[in-house]
Amino acid sequence: DDYWSSAEGRWSIASRGANALPPGPVKATGAALQDEQRQKVNETKQSSALVSMWNIAGTWQDKYGVVYRIILVKSDSWSCLRRTKKGVITSYPIFYDEDDGLCWLGRHKKASFDPYQLPAEPEVLQWYPQGDWTREWPMMEWHRVAPEMAHLLWDELDQDDSWTSKYW
């Protein structure tokens with residue numbers, strides 16, 4: 001008869017019959033268990049990052065009074081309108097790059113944030129310059145504007161619909 005024994009958490013055949021199965025289910029141990037746990041953690045991080053990325057939509061403002069309106073276009077890309085205090089409006093794409101795992105501002109990847117570092121409901125977006133992989137000094141920081149205040153920052157624009165076709 002073949003039987004299985006567990007010595008130091010490893011299953012092995014104690015007699016002949018290499019194709020014999022152990023009685024009952026076999027739990028993953030050692031490296032296999034670590035790989036399984038690592039995969040679950042990565043899946044959780046990825047779904048958490050997706051939630052965080054989707055939740056960047058809204059109105060933001062930097063310390064200079066520049067206002068940013070971010071709208072989700074697809075699950076991994078957004079459109080961002082930037083409005084200066086003088087009323088100058090420019091549009092930028094924001095997109096997720098699977099190769100480096102970062103969200104980038106602009107087609108030329110001017111700045112990025114790491115979606116895996118964001119909470120589910122981000123209140124601050126810190127943007128780091130291209131090439132700054134240590135992420136110690138953000139080049140800009142945006143703070144979320146409360147929804148009840150956001151309309152006040154865009155009232156002028158909302159009265160004039162001509163800008164919407166140009167930027168959206």
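Excluded from the calculations below are hydrogen atoms, water molecules and symmetry mates; all remaining heavy atoms, backbone and side chain alike, are included.
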Inset, instruction - Sequence neighbours left out, what passes salt bridge (charged side-chain N to carboxylate O under 4.0 Å, His left out) with D132? Give chain and number order. - result: none
Inset, instruction - Answer yes if I94 and L72 sit in the same cluster of Ile, Leu, Val, Met, Phe, Trp and Tyr residues linked by side chain heavy atoms under 4.5 Å apart, and no otherwise. - result: yes
Inset, instruction - Provide the closest heavy-atom pair for E136 versus Y128 in the form atom of the first, atom of the second, distance. - result: N-CE2, 4.0 Å
Inset, instruction - Starting at NZ of K85, measure out to CD of Q61 and round the result to the nearest 0.5 Å. - result: 8.0 Å
Legend entry - Set of side-chain contact (heavy atoms from CB on, under 4.5 Å) partners for W133, sequence neighbours left out: D100, L102, W104
Inset, instruction - List for me each residue that meets ring pair (Phe, Tyr, Trp, His ring centres under 6.0 Å) alongside W127, sequence neighbours excluded, and say none if there are none. - result: F113, W142
Legend entry - Cluster link L152 to V67, ILVMFWY, side chain under 4.5 Å: yes
Inset, instruction - Please assess C80 against W60 for the test side chain to side chain contact (heavy atoms under 4.5 Å, CB included), listing each intermediate value before the final yes or no. - result: CA-CA 10 Å; C80 175; W60 300 81; over 6 Å; no
Inset, instruction - Kindly compute the distance separating CD1 (I56) from CG (L118), expressed to the nearest 0.5 Å. - result: 8.0 Å
Legend entry - Interatomic distance, C103 atom SG to D97 atom CG [nearest 0.5 angstrom]: 9.5 Å
Inset, instruction - Answer yes or no: are there more than 12 heavy-atom neighbours, outside E148 itself, under 6.0 Å from its atom CD? - result: yes
Legend entry - Any residue meeting side-chain contact (heavy atoms from CB on, under 4.5 Å) with E141, in chain and number order, not counting sequence neighbours: V124, Q126, H143
Inset, instruction - State, to 0.1 Å, how close M140 and A111 come at their nearest heavy-atom pair, and which atoms those are. - result: CE-CB, 4.0 Å
Legend entry - side-chain contact (heavy atoms from CB on, under 4.5 Å) partners for R82, two or more places apart: V66, Y68, T84, T90, Y92
Legend entry - Non-hydrogen side-chain atoms of P93 and S79 separated by less than 4.5 Å: no
Legend entry - Contacts of type side-chain contact (heavy atoms from CB on, under 4.5 Å), residue K74, not counting sequence neighbours: D76, S77
Legend entry - Test side-chain hydrogen bond (donor to acceptor under 3.5 Å, both in side chains) applied to R135 and S112, step by step: CA-CA 10 Å; R135 304 210 167 283; S112 68; 2.7 Å; yes
Legend entry - Nearest heavy atoms of A120 and P122, plus distance in Å: O-CD, 3.4 Å
Inset, instruction - Find out if a path of hydrophobic residues (ILVMFWY) with successive side-chain heavy-atom gaps under 4.5 Å connects L105 to Y116. - result: yes
Inset, instruction - Let me see the working for I70 and L125 under side chain to side chain contact (heavy atoms under 4.5 Å, CB included), right down to the final yes or no. - result: CA-CA 12 Å; I70 300 175; L125 275 180; 4.3 Å; yes
